[in-house]
Amino acid sequence: ANVDPMYQNSLTWYMNVFDRSMDLAAQDSDIEERVQAIAETFKIQLYENVCRALFEKDKLLFSFMLCLNIMGQEERLDPAELRFLLTGGMVTADNP
């Protein structure tokens, strides 16, 4: 698929978002809590910064894809439910 050049972000941009997230995240002496705070802040910062640059027509798809990615990483995404959502409940070759 062709990617609109407007949507190609640099590593520097990505690192700046991460650095800002580290600055904004809640301070905590417990390392696990601090890492969790940075991760949550980064997700919010990434979403806000990317959505600011997206065409309106692409924002919903980006939000959906980001949500699926986060839920997948947290193992909160049931593959059967996702397949049902994406196919509309239609019978597929691997699900007779």
Side-chain angles (χ1 to χ4, degrees):
N2 293 331
V3 176
D4 188 315
M6 180 182 158
Y7 290 162
Q8 295 177 0
N9 295 312
S10 68
L11 179 58
T12 303
W13 177 86
Y14 188 83
M15 288 172 43
N16 287 337
V17 172
F18 183 76
D19 288 343
R20 178 135 172 86
S21 299
M22 287 180 44
D23 293 339
L24 294 174
Q27 301 294 321
D28 200 309
S29 58
D30 180 30
I31 293 176
E32 288 185 27
E33 291 292 325
R34 174 72 173 147
V35 169
Q36 183 66 26
I38 293 170
E40 291 301 316
T41 304
F42 178 74
K43 290 173 195 174
I44 294 167
Q45 289 295 307
L46 179 68
Y47 175 79
E48 289 175 351
N49 280 280
V50 169
C51 280
R52 187 177 308 127
L54 286 177
F55 294 123
E56 195 63 37
K57 68 180 183 70
D58 298 328
K59 289 181 182 181
L60 184 59
L61 180 59
F62 171 72
S63 299
F64 179 66
M65 291 176 61
L66 184 62
C67 180
L68 288 179
N69 189 299
I70 291 169
M71 289 180 69
Q73 287 179 0
E74 295 175 354
E75 297 179 357
R76 293 179 16 204
L77 187 62
D78 182 349
E81 290 177 355
L82 177 61
R83 184 174 30 250
F84 181 83
L85 175 67
L86 295 178
T87 63
M90 296 174 48
V91 175
T92 59
D94 60 336
N95 185 15

Exercise. So do the side chains of Val50 and Trp13 get within less than 4.5 Å of each other, counting heavy atoms only?
Worked result: yes
Exercise. What pairs of residues pass the side chain to side chain donor-acceptor pair (under 3.5 Å) test when at least one of them lies in residues 24-38, not counting sequence neighbours?
Worked result: Gln36-Glu40
Exercise. Which residues satisfy the side chain to side chain contact (heavy atoms under 4.5 Å, CB included) test with Ile44, sequence neighbours excluded?
Worked result: Glu48
Exercise. In Å and rounded to the nearest 0.5 Å, what is the NZ to NZ distance from Lys59 to Lys57?
Worked result: 12.5 Å
Exercise. Can the ring centroids of Phe55 and Phe62 be said to lie less than 6.0 angstrom from one another?
Worked result: no
For this session: Run through the side-chain heavy atoms of Ile, Leu, Val, Met, Phe, Trp and Tyr, join any pair under 4.5 Å, and report what else lands in Leu77's cluster.
Result: Phe64, Leu68, Met71, Leu82, Leu85, Leu86
For this session: For Arg52, enumerate each residue passing the salt bridge (Lys or Arg N to Asp or Glu O under 4.0 Å) test, keeping only those at least two apart in sequence or located in another chain.
Result: none
Seminar exercise, completed: Note: with side-chain heavy atoms under 4.5 Å as the link, the other cluster members for Ile31 come out as Val35
Exercise. Can you name the side-chain hydrogen bond (donor to acceptor under 3.5 Å, both in side chains) partners of Asp78, sequence neighbours left out?
Worked result: none
Show me the donor-acceptor pairs, under 3.5 Å and distance only, between side chains in residues 18-25 and residues at least two apart or in other chains.
from, atom 1, to, atom 2, distance (Å)
Ser21, OG, Val17, O, 2.9

Problem set entry | Partners meeting ring-ring contact (aromatic ring centres under 6.0 Å, His included) with Tyr47 (sequence neighbours left out) | none
Exercise. Tell me the ring pair (Phe, Tyr, Trp, His ring centres under 6.0 Å) pairs involving residues 66-88, sequence neighbours left out?
Worked result: none
